[in-house]
Amino acid sequence: MSATPRLSVRNIRKSFGAHEVLRGISLDAHDGDVISVLGASGSGKSTFLRCINLLETADDGDIVVNGEEITMKTTSHGRSAASRKQLDRIRTNLGMVFQSFNLWSHMTILENIIEGPVHVQKRPRAECVAEAEALLEKVGIADRKDYYPAHLSGGQKQRAAIARSLAMKPKVILFDEPTSALDPELVGEVLRVMRDLAAEKMTMLVVTHEMGFARNVSNRVIFMREGQIDCDGTPQDMFGGKGSPYFQQFIRHMETENDAA
Amino acid sequence: MSATPRLSVRNIRKSFGAHEVLRGISLDAHDGDVISVLGASGSGKSTFLRCINLLETADDGDIVVNGEEITMKTTSHGRSAASRKQLDRIRTNLGMVFQSFNLWSHMTILENIIEGPVHVQKRPRAECVAEAEALLEKVGIADRKDYYPAHLSGGQKQRAAIARSLAMKPKVILFDEPTSALDPELVGEVLRVMRDLAAEKMTMLVVTHEMGFARNVSNRVIFMREGQIDCDGTPQDMFGGKGSPYFQQFIRHMETENDAA
Amino acid sequence: MDFPFLLSTMKALLAATPTTLGLFSLSIFFGGLLALLIVTMRVSNNIVARNFAKGYIFVFRGSPLLIQMFLVFYGLGQFGVIRHSFVWPALREPFVCAVLSLALCTGGYSAEIFRSGLRAVPPGEVEAARAAGMSGFLLLRRIIAPIAFRHALPAYSTEIVLMVKSTALASLVTVWEITGVAQRLISQTYRTMEVFMCAAALYLILNFLILQVLALIEHRLNRHDRRPAERKPSVLSAFFGSRA
Amino acid sequence: MEIFTLLGFGEKGWGVLILTGMALTLCVTLASLAIGAVIGAIIAAAKLSNRWWARALGTAYTTIFRGVPELLIIYLIYFGGSSAVTAIGQAMGIQGFLGMPSFLAGALAVGLISAAYQAEVYRGAYRAIPKGEIEAASSIGMPPMRCLRRIILPQILRFAIPGLNNVWQLSLKDSALISVTGLAELMRTTQVAAGSTRQYFMFYIVGGLLYLVLTSFSERVFNSAERRSNKSMPRGMGQV
Amino acid sequence: TPSQAKEWKNVTITLEGAYAPWNSTNPDGSLGGFEPELADYLCDHMKVECTLVASDWDSMITSLNAGKFDVVMDALSITPERQEVIAFSIPYANTHAAFAAPVESDYAKAVGTGDVVKMAPDYSGGKDQIAAMRKAFDGATIGIQAGTVYAKFIYDNFKDVATIREYKNGAERDLDLQTGRIDLGFDDTTNLLASFKTADEEMAITGPEIAGNVFGTGEGLGLRKEDTELKAMFDEAIKAAIADGTLEKLSMKWFGTDVSPE
Ligand SMILES: Nc1ncnc2c1ncn2[C@@H]1O[C@H](COP(=O)(O)OP(=O)(O)OP(=O)(O)O)[C@@H](O)[C@H]1O
Ligand SMILES: Nc1ncnc2c1ncn2[C@@H]1O[C@H](COP(=O)(O)OP(=O)(O)OP(=O)(O)O)[C@@H](O)[C@H]1O
Ligand SMILES: [Mg+2]
Ligand SMILES: [Mg+2]
């Protein structure tokens with residue numbers, strides 16, 4: 001593990017109106033880390049990811065990527081990134097897979113995937129298309145490459161969204177429930193892809209409800225509760241009974257379910 | 001079990017362009033039946049549900065609800081329901097929870113939920129509001145009732161969508177991955193709600209990737225493959241090794257995952 | 001029906017058609033550029049720019065083009081400062097003034113139309129683009145503009161057709177386009193209805209053609225809403241088979 | 001000062017005439033907007049229909065009423081309408097010219113034109129509604145008319161606000177053309193005052209300012225409508 | 001269509017009400033100017049009740065033929081083309097035409113300023129003066145009112161030596177004459193004289209005034225062709241106004257020059 005973390009988040013706070021959704025969250029992630037973020041619905045997981053790449057501006061706190069802090073400024077208009085340039089550069093290295101996919105509806109799947117590489121990273125188009133096709137093959141929707149998002153099934157859209165962010169080859173990827181629309185077979189596929197990426201030292205933050213993923217793929221588990229990190233640790237520790245009582249209760253349901261099986 | 005099935009689907013076919021998505025699907029569901037529909041992504045599960053309540057018009061086949069067949073007509077413009085009135089009446093008894101929620105963005109959550117009861121079923125508003133609040137309590141988002149959909153988390157939207165279709169008290173509900181955005185704790189809650197409904201003789205068709213649900217809540221499991229029903233049976237039989245080889249392979253992934261745990 | 005009269009009227013009006021088309025295309029071009037600028041200011045976070053844009057839209061959309069054109073052409077010339085400045089050689093020309101006031105006016109209207117297109121862009125898709133490191137002009141060009149333009153197109157076609165008709169006012173500043181010529185014929189012959197009918201037919205044909213082109217563009221741009229089945233199979237795929 | 005005498009309400013002042021003209025402009029525009037809303041909605045529905053003849057009719061309407069110069073439509077409605085009325089009058093034994101009331105003819109003509117524009121605005125707004133939300137409504141058996149009223153119309157209005165504002169402004173200015181029916185609305189009053197006094201700049205500027213006064217009232221209404229409709233929107237582009 | 005045997009007790013006369021000094025609107029909404037006062041005299045003479053109505057220039061003739069008004073009185077020049085559509089009374093005015101230029105300009109005070117030349121429709125009687133003016137105005141830009149009889153005169157005689165620009169109305173041309181977009185205006189003198197007043201006498205007539213029947217027989221009342229009786233009544237009244245000097249008196253009052261037809 002290198003000395004400077006790949007991604008470092010310090011004391012992030014965020015409110016929507018009177019409702020404080022994030023109440024001071026800090027986190028370090030190093031190369032090859034796969035961190036599962038667990039938590040009840042509404043506990044602020046998506047908001048946390050969105051604050052990291054500044055889709056929401058945190059009310060307070062710092063984000064450091066590759067040792068470079070995203071500089072912020074406060075104007076009468078609110079807090080925002082001080083340098084557009086810096087933010088864009090950092091975001092290029094910070095992929096995101098959305099909970100609601102957010103594919104661009106006016107582009108085919110292939111166009112969605114090569115959009116970033118060609119137009120942001122300015123790489124040659126032919127090369128990007130070849131890579132995109134390989135990626136689509138990997139997630140199993142190569143035959144849908146000329147479809148528009150409106151004509152895909154939920155799982156197909158989700159896989160396209162994953163492929164879209166991988167195509168940028170970012171250093172860090174933030175996944176927001178990347179397997180929610182997938183069947184067990186595909187979940188297995190996607191987990192394999194993610195394991196490979198981790199082996200290639202990519203850093204991943206994964207919001208998930210798949211306990212299997214949290215246990216088997218990640219090397220660290222974070223449990224969020226009411227906008228704070230309630231407890232965190234290795235999967236072995238957490239699932240071995242060392243988490244907080246809240247976490248114990250949270251995962252008990254899963255167990256009862258499996259027990260009943 | 002009553003003699004006439006609550007819902008009966010006969011030989012449904014549907015193509016998008018040259019691509020045949022459903023290739024003749026038939027199914028009977030009786031009062032209190034909870035049928036899990038499993039299948040790989042893109043196997044046509046959502047399309048199947050959408051054909052049942054005619055959001056997509058099947059190219060061929062019949063739908064019979066409560067013993068009443070939805071009459072169809074074929075014009076130069078294609079196939080469609082012959083009587084709008086009949087279709088609306090039948091749909092009132094045929095709830096649907098969408099994979100992408102489809103909440104009405106210009107209404108608050110509470111308004112979304114009372115919309116159908118008040119404006120379609122013409123029930124007194126005060127009564128509907130009281131019921132809606134009880135439902136929201138049940139799915140745990142009572143405190144979000146005056147929020148607009150755009151301001152909710154994924155799991156909150158999904159629960160609102162479930163509450164919206166329950167508020168109509170339909171005889172049959174079609175669920176399209178109703179727990180995809182929920183954490184294990186909430187999945188447990190929702191499954192309990194569904195068990196209660198089954199006890200009250202509601203008929204449910206549930207597209208799901210949760211094998212726990214298929215095993216523990218449903219009384220019948222259907223496995224779709226390439227637009228056809230590959231095999232079906234009781235959960236005991238199916239998960240006990242009596243399913244087709246494809247089904248065996250499909251669920252193996254889940255098992256390896258759990259084994260690794 | 002007095003066919004020789006209709007024929008000679010039509011001839012006179014046809015001779016004025018190039019002027020109408022010239023006014024129209026130039027003012028749509030410059031007005032469109034101006035609208036982009038104004039709408040950018042209108043949605044920007046800079047309070048000065050935003051209020052300037054609001055004021056601009058208010059004035060140019062809120063007052064009759066006739067008055068705007070009158071003031072631009074006859075009014076500006078009243079000021080010695082302008083008459084002796086470097087812009088006068090251009091402003092002296094009626095055609096330039098006509099294009100200028102048409103463009104200023106459509107700039108205000110189009111800016112509002114574009115803004116309503118922007119409102120229809122799904123925020124999630126913009127976020128996806130930001131997350132991919134797009135921002136500024138790139139984000140606008142690749143994601144926002146294409147989606148917004150699709151939504152704004154029906155209203156913008158209306159504005160375009162409107163501009164064809166608005167050019168009719170240019171005769172006020174001595175640019176003799178179709179309507180001006182028609183009115184001149186009327187004041188010579190007093191045969192109002194006949195002359196107007198000819199002019200109307202001409203405008204209808206022009207606008208019909210323009211609307212046709214716009215509808216075609218709209219149809220093409222909305223591919224993503226249609227089913228793949230509706231895509232016409234290419235001739236080649238009949239021979240070579242398709243890969244789908 | 002000469003300006004104040006000319007614009008005032010005294011013996012030599014044009015104040016009363018001009019304000020009357022302004023009130024008339026406002027009334028005609030409101031009436032025509034109402035007419036246009038009804039017809040425009042029908043035309044938009046026709047253009048969105050899946051019956052080919054309805055679409056063709058709708059397209060023909062919008063093409064003609066947008067494509068033909070407004071002045072001609074006003075001529076046709078006013079003089080065409082008037083000769084119809086005169087013919088009916090003669091049939092009933094009334095001699096001479098029976099005009100169609102100027103106000104009615106003007107409002108109808110501008111209304112028919114504005115209907116074509118409103119139809120396009122509504123159509124664009126309809127297309128912006130997420131399909132899924134309409135499906136959700138059909139899936140609970142909401143009849144089409146109710147779905148229109150409860151789900152589609154509120155959202156159409158939301159997306160149509162800026163476009164409607166445009167149409168309002170257009171109709172306001174189209175109303176200036178109906179002076180050919182003899183109605184002394186704001187534009188004609190301005191021109192008469194300018195021609196009679198030969199104070200062209202002053203009266204044109206005053207006329208322009210009064211149009212802006214009308215606009216500023218409407219702007220308020222539209223702004224508050226827009227702010228309301230933004231409440232439910234995720235923070236998006238193009239709104240401030 | 002109105003009945004043939006109509007007893008003319010009430011006559012509706014329309015004018016624009018925005019064409020000072022021929023006709024204009026007073027701030028209280030009433031109509032004033034040369035034509036309304038002449039109309040009062042004519043109607044008194046014919047013993048009919050007249051109603052004056054202001055209406056828009058563009059639709060005036062259509063409205064006349066539709067039966068909305070009975071008479072148009074708006075400085076209409078009598079021309080053969082127009083006579084195909086409506087009938088005219090005998091002329092009640094025959095104005096001179098002339099060039100106008102800013103007093104300081106090179107084109108001011110051209111030869112013949114102050115003279116009156118009578119020309120026939122083929123310009124005979126004024127060929128020399130035309131030649132002199134062509135020389136004086138060589139290279140100038142001349143502004144005229146589109147669609148008028150004066151436009152034809154300019155096109156016939158000055159097309160090859162000057163640039164011609166057509167305006168929708170005289171007032172706009174005069175504004176451009178002030179800003180210098182054009183060098184000369186050509187119009188009927190009543191119009192020019194009125195605009196000199198608003199321009200603080202910074203402009204003046206240059207070259208000779210042109211008279212005679214070169215521009216037709218003058219301005220007459222517009223009537224429907226079938227109302228022959230009404231035309232006869234108005235012709236008679238106009239003759240009386242000329243004969244008893246009323247016309248000349250009104251003309252001097254409103255125009256400062258005599259526009260009585262010959
Ligand atoms: N509107 C459409 N036009 C064309 N093809 C479509 C359309 N909708 C769905 N399809 C195709 O039909 C197939 C079945 O889609 P469907 O949504 O039914 O899958 P699904 O079984 O629900 O998958 P998932 O589990 O991923 O949601 C997919 O391959 C999809 O690409
Ligand atoms: N734009 C917004 N305005 C107001 N409140 C918001 C907004 N976005 C999110 N919230 C609120 O913030 C809380 C956290 O939302 P968030 O989306 O982060 O939850 P989550 O942990 O991702 O939940 P889930 O697992 O259901 O996706 C929720 O209670 C939600 O209602
Ligand atoms: Mg979330
Ligand atoms: Mg699906």
Side-chain angles (χ1 to χ4, degrees), chain A residues 49-50 52-56 75-78 80-81 83-108 111-113 115-122 142-152 161 164-165 167-168 170 173-174 176, chain C residues 40 43-51 117-118 120-153 217-234 236-237 241-244:
Chain A
L49 290 199
R50 292 164 56 80
I52 292 178
N53 65 0
L54 264 78
L55 290 176
E56 302 284 355
T75 61
S76 64
H77 195 258
S80 62
S83 153
R84 214 48 264 182
K85 266 234 168 80
Q86 187 203 27
L87 184 60
D88 282 346
R89 181 161 40 75
I90 288 178
R91 276 178 172 165
T92 317
N93 282 320
L94 202 59
M96 171 122 183
V97 178
F98 291 86
Q99 191 168 9
S100 50
F101 321 143
N102 291 343
L103 293 169
W104 296 307
S105 53
H106 61 301
M107 298 179 181
T108 63
E111 285 165 355
N112 261 281
I113 293 175
E115 182 65 24
V118 172
H119 292 277
V120 179
Q121 297 177 330
K122 312 272 181 219
D143 56 335
R144 290 287 175 276
K145 75 180 196 312
D146 292 326
Y147 276 52
Y148 287 97
H151 306 142
L152 291 190
R164 178 173 69 174
S165 61
M168 296 279 287
I173 300 198
L174 314 172
D176 200 351
Chain C
T40 312
V43 301
S44 85
N45 285 332
N46 183 322
I47 200 158
V48 180
R50 199 165 70 221
N51 282 325
L118 288 180
V121 178
E125 295 181 24
V126 176
E127 284 183 348
R130 285 197 197 287
M134 291 191 189
S135 74
F137 187 64
L138 183 66
L139 173 65
L140 189 75
R141 183 169 63 86
R142 297 294 310 171
I143 308 294
I144 297 176
I147 301 177
F149 190 68
R150 283 169 169 77
H151 283 292
L153 195 57
I217 295 175
E218 197 183 326
H219 187 74
R220 285 195 61 109
L221 288 182
N222 286 328
R223 271 175 312 204
H224 61 289
D225 275 355
R226 291 195 301 275
R227 299 205 157 139
E230 287 174 29
R231 255 185 285 164
K232 296 200 183 67
S234 85
L236 284 181
S237 70
S242 83
R243 284 207 283 157

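Sequence lines set the chain letters: A, B, ... in the order given, protein chains first and strands last, and positions in each chain run from 1.
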Examine whether an atom of A:Leu103 lies under 4.5 Å from a heavy atom of chain C, and if so say whether it belongs to the side chain, the backbone or both; otherwise answer neither. backbone
Tell me, for A:Arg164 versus chain C, whether the close heavy atoms (under 4.5 Å) come from the side chain, the backbone, both or neither. side chain
If I compare all heavy atoms of A:Met107 with all of C:Ile143, which pair ends up nearest, and what's the gap? CE-CD1, 3.8 Å
Nearest-0.5 Å distance that lies between atom CZ in C:Arg150 and atom NE2 in A:His106: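 Rounded to the nearest 0.5 Å, the CZ-NE2 separation comes out at 5.5 Å.
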May I ask you to name which of A:Arg84, A:Met96, A:Gln121 has the most heavy-atom pairs under 4.5 Å with chain C? A:Arg84
